[in-house]
Amino acid sequence: MPLVSLKNVTKIYANGVTALQSLTRDFEAGSFTVVIGPSGAGKSTLLRTINGLETPSAGEVHVDGQPVTHRDLRSIRAKIGMVFQEFNLVDRLNVMTNVLAGRLAHRHWSWSLGYLFSKSDYEMAHQALDRVGLVDKAWSRADQLSGGQRQRVGIARAICQQPRLILADEPVASLDPGSAVEVMDLLAGICREDGIAVVANLHQLDLTKRYADRVIALRAGRVIYDGKVINMDDATFKEIYESNKDTHGKRHEHTDLVLAHA
Amino acid sequence: MGSVTNTLTWYWPTRSGLPPLVPMLWLTAVVLLLAVTAPLVEIDFIHVVASLPKLGSFLSHFLVVPDWNYLPELGLRMLETIEMAVLGTAMAIVFSVPLALLAARNTSPHVVIGWLTTYVLTAIRALPELTWAVAFVAAVGLGPLAGIMALAFVTIGFMAKFFAEAIEVVDCGAVEGIRAQGAGRVQTIAFAMLPQAMPDFISALLYILDHNLRAASILGLVGAGGIGYDLVMNLRLYQYDRLMMIALAIYVVVTALDRLSTRFRHGVI
Amino acid sequence: MAMNVDFQPLPRKPANFIPIWLCAVCAILYAMSWHLSLSFGDLVSGIGDTGDYISQFFHPDFSLGHKYVWLMIETVCTALWGTAIACIVALVLSPLAASTLTPHPLIYRATREVLNFMRAMPDMLLALMLVSAIGLGPLPGAFALGIHTAGFLGKFYSELLERVPRGRYEALAATGAGFVQTTMIAGYPSILREMAGYTFYIFDRNIRMASVLGLVGAGGIGLELESTLGFFLYNKASAIIIIIFATLFVVDALSSTIRRRLT
């Protein structure tokens with residue numbers, strides 16, 4: 001049984017934009033999948049549909065055999081960690097509390113009124129921080145960290161959940177190249193060593209080639225490529241981005257013209 | 001030619017050189033409104049001019065030696081005033097946080113509840129402390145209890161509104177970050193909303209404390225405790241030596257709190 | 001935990017003073033309520049008494065409605081004039097009290113202190129004194145509101161003027177413009193919208209205050225409210241309160257619409 005399966009998932013936003021068009025795909029446990037494609041192709045929507053941050057307009061999403069419905073959202077999200085482009089940490093809380101937030105799905109709300117966690121939660125958070133190499137920053141406030149460090153806290157928060165799957169929505173888009181490689185190494189390590197599946201959105205071709213087991217290319221809400229990254233040669237890549245160029249062909253021509261004149 | 005360039009002609013920096021139409025219309029409207037309403041407020045030249053000497057002679061009464069014997073009682077009364085302001089504010093916090101959570105658009109359990117709460121808060125804010133103090137004095141009798149209740153009541157109206165506004169502008173990213181971990185409604189509020197809104201909360205709290213101190217100093221006018229009672233009595237008895245001390249004491253305490261809260265704001269936020 | 005030995009140990013947790021602060025605040029609050037000899041029981045029974053008291057207000061008597069409406073108009077006018085006075089005073093003082101614009105640091109300090117003093121004097125107290133100085137009526141009320149809120153508006157305006165990028169003032173000063181010219185050309189035009197917002201907020205607030213100024217004889221509907229309450233004429237008092245509420249709702253809606261259109 002696949003870990004995540006999407007059946008005919010369509011998402012049309014209130015403003016009429018179609019982000020996903022009848023998408024059917026499975027994601028296996030323990031695999032590293034990278035979703036590529038031009039901006040606005042529906043990459044983020046795909047990820048956000050899996051953990052119920054977006055509700056599909058049509059179709060079904062199953063995680064671990066369980067349908068993603070409003071009622072079961074908590075237990076489903078407990079199995080899925082999420083890493084965001086803008087980190088989405090609570091800036092005014094310290095790093096430890098941000099990581100502990102990964103345990104919230106397992107704790108009754110009344111505990112959270114007093115910001116209480118169990119000893120085992122603290123151990124898991126400690127372990128997660130050790131994994132991302134930020135133990136010495138545990139008591140610093142999240143807004144005092146650099147971008148790369150914050151993203152590692154975001155990953156620690158996801159690990160602390162002990163999830164089956166981590167969704168990474170453009171995890172390196174706000175980072176410098178050095179930090180980007182660090183973050184990707186971490187995600188790949190988690191995937192290989194702990195058998196946690198990762199689905200990541202990326203824009204960088206080099207990173208995709210280096211880390212992905214499987215690549216899914218999206219354009220205008222449809223899958224235009226799905227396969228092993230080793231089967232993917234430069235021509236295929238070119239094709240994905242050529243097709244991107246087609247949609248904006250006019251603008252590109254215009255730019256070329258201006259450049260020629262210059 | 002020379003005569004033309006030397007003539008002083010004034011133009012406004014607009015296309016036509018005339019004053020801009022819309023602002024001028026507004027200005028005229030405001031001036032007209034003020035002119036029409038002036039008689040109602042008894043503002044006319046003669047009246048205002050005639051009252052100036054009276055004001056002068058009134059102020060000259062304050063040039064007296066302070067009544068130092070009054071100092072201990074003044075201190076006690078000011079302490080009572082400060083205590084009323086602090087207790088009223090503290091009581092209001094307890095009610096304001098839940099009401100703010102009900103009123104804020106992003107935490108309200110239902111749109112209708114949000115609207116209702118907002119309306120109730122507006123109604124509470126509508127009348128100043130002093131009016132409520134009259135009512136509370138009639139209900140619970142003379143003394144600081146009525147004053148504290150009036151302060152707390154009106155403060156809930158303001159504080160819950162400010163808190164709700166602070167919650168509404170909380171960064172959505174952090175909220176989503178917590179929600180994506182599988183956090184429930186209460187957990188999202190505790191871990192994403194409240195910590196992020198805390199600086200605004202403290203800011204509002206200090207502003208309200210400042211306001212309440214001023215308000216508490218006049219509640220005594222209707223017998224609701226504090227320095228206001230002494231103020232009225234001494235004014236009736238023409239004891240300007242004491243009045244001066246009271247005015248000074250209020251000024252000193254309010255200014256001290258103002259400075260302290262500025263310091264605190266910079267320290268905490 | 002044997003498993004934990006492999007991990008880098010957590011750094012020492014910094015001391016968390018929040019519980020201590022909370023305890024201190026609670027202790028102070030308790031001491032205060034003890035000093036005022038209040039008890040929780042008093043409070044609860046007080047809330048009950050208030051409920052009884054308020055239930056007497058459920059039959060408003062509008063037989064003198066036209067009188068109340070007229071008084072309410074007087075109240076609004078008092079607030080309007082108070083705001084106008086405050087606005088004019090603040091327009092003059094705020095550039096002097098803006099650190100980036102002020103002609104001299106000493107003038108800056110002095111103006112700040114004057115504004116502080118005006119803010120520190122509660123308007124009710126000012127009204128009380130002005131009434132005994134120049135007699136009963138709305139005039140002392142308007143002046144009291146004007147003086148008190150001039151302190152607020154002056155502070156708000158000067159803070160807005162300080163937030164204008166310094167470069168704009170410097171550009172003007174570099175052309176040889178004087179203090180008044182810089183203020184008029186670079187200062188006020190930059191902050192007009194925010195100024196209007198604050199002024200409306202103060203007007204709103206002044207109406208609320210004007211409706212109680214009558215308690216000390218400074219005109220408006222407050223005196224009527226006070227006397228009906230004093231004579232236990234709850235039906236009449238509730239009519240007055242309803243009129244005040246209605247006015248405030250209208251003004252609130254009006255000012256929020258205008259503010260929204262401005263920003």
Side-chain angles (χ1 to χ4, degrees), chain A residues 44 47-48 50-54 72-94 97-117 141-143 150 153-154 157-163 166-169 174, chain B residues 93-102 104-111 113 162-206 264-269:
Chain A
S44 283
L47 259 60
R48 293 164 64 88
I50 294 175
N51 73 346
L53 282 175
E54 304 289 351
D72 303 322
L73 222 46
R74 264 193 97 174
S75 61
I76 284 168
R77 284 179 180 169
K79 293 177 201 160
I80 308 174
M82 188 149 183
V83 178
F84 298 85
Q85 177 184 348
E86 294 298 336
F87 327 129
N88 290 3
L89 302 179
V90 185
D91 284 343
R92 294 186 53 83
L93 295 177
N94 61 28
T97 316
N98 267 297
V99 177
L100 283 169
R103 303 303 304 161
L104 285 175
H106 304 276
R107 293 289 164 257
H108 193 254
W109 60 265
S110 54
W111 287 46
S112 307
L113 281 179
Y115 299 88
L116 285 172
F117 291 95
R141 249 170 64 159
D143 52 4
R150 286 194 199 194
V153 175
R157 175 167 74 180
I159 305 173
C160 190
Q161 266 184 274
Q162 307 205 315
I166 289 179
L167 302 171
D169 192 2
S174 306
Chain B
I93 296 176
V94 180
F95 295 97
S96 296
V97 174
L99 281 173
L101 290 172
L102 288 181
R105 242 172 290 128
N106 48 353
T107 52
S108 184
H110 195 274
V111 191
I113 296 177
F162 291 152
F163 282 8
E165 281 168 0
I167 293 169
E168 279 173 4
V169 298
V170 156
D171 168 36
C172 303
V175 173
E176 191 165 76
I178 294 289
R179 262 178 52 210
Q181 316 301 316
R185 184 188 282 276
V186 175
Q187 290 172 330
T188 312
I189 289 171
F191 279 85
M193 309 261 189
L194 294 186
Q196 304 277 65
M198 200 47 84
D200 288 351
F201 276 18
I202 291 172
S203 206
L205 187 67
L206 291 175
F264 188 70
R265 218 178 289 232
H266 285 300
V268 170
I269 304 159

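Since the structure is predicted, the reported quantities are computational estimates derived from the model, not experimental observations. Chain A is the first sequence line, chain B the second, and so forth, proteins listed ahead of strands; every chain is numbered from 1.
- Contact between A/Leu47 and A/Ala168 at its shortest, heavy atoms only, is CD2-O, 3.4 Å.
- For A/Asp91, the parts lying near chain B are the backbone and the side chain together; criterion is any non-hydrogen pair under 4.5 Å.
- Once rounded to the nearest 0.5 Å, the distance linking CD of B/Glu168 with CZ of B/Phe163 reads 14.0 Å.
- Proximity to chain B (any heavy atom under 4.5 Å) is shown, for A/Phe87, by neither the backbone nor the side chain.
- Looking at heavy atoms from C-beta onward, A/Met82 lies in side-chain contact with A/Leu53 at the 4.5 angstrom threshold.
- Summarising the geometry, atom CZ belonging to A/Phe84 is positioned 9.0 Å from atom CG belonging to A/Leu167; distances are rounded to the nearest 0.5 Å.
- With a 4.5 Å cut-off on non-hydrogen atoms, A/Leu93 touches chain B through its side chain but not through its backbone.
- For B/Ile189, no part lies under 4.5 angstrom from a heavy atom of chain A.
- No part of A/Glu86 comes within reach of chain B, as not one of its non-hydrogen atoms sits under 4.5 angstrom from that chain.
- Neither the backbone nor the side chain of A/Ile76 comes within contact range of chain B; no heavy atoms are under 4.5 Å apart.
- Under the side chain to side chain donor-acceptor pair (under 3.5 Å) test applied with B/Gln187, the options A/His108, A/Arg107, A/Arg74 reduce to a single match, A/Arg74.
- Looking at B/Arg185, neither its backbone nor its side chain comes within 4.5 Å of chain A, counting heavy atoms on both sides.
- With a 4.5 angstrom heavy-atom cutoff, A/Arg157 touches chain B via backbone and side-chain atoms both.
- Between the side chains of A/Asn94 and A/Thr97, a donor-acceptor pair is found at a separation under 3.5 Å.
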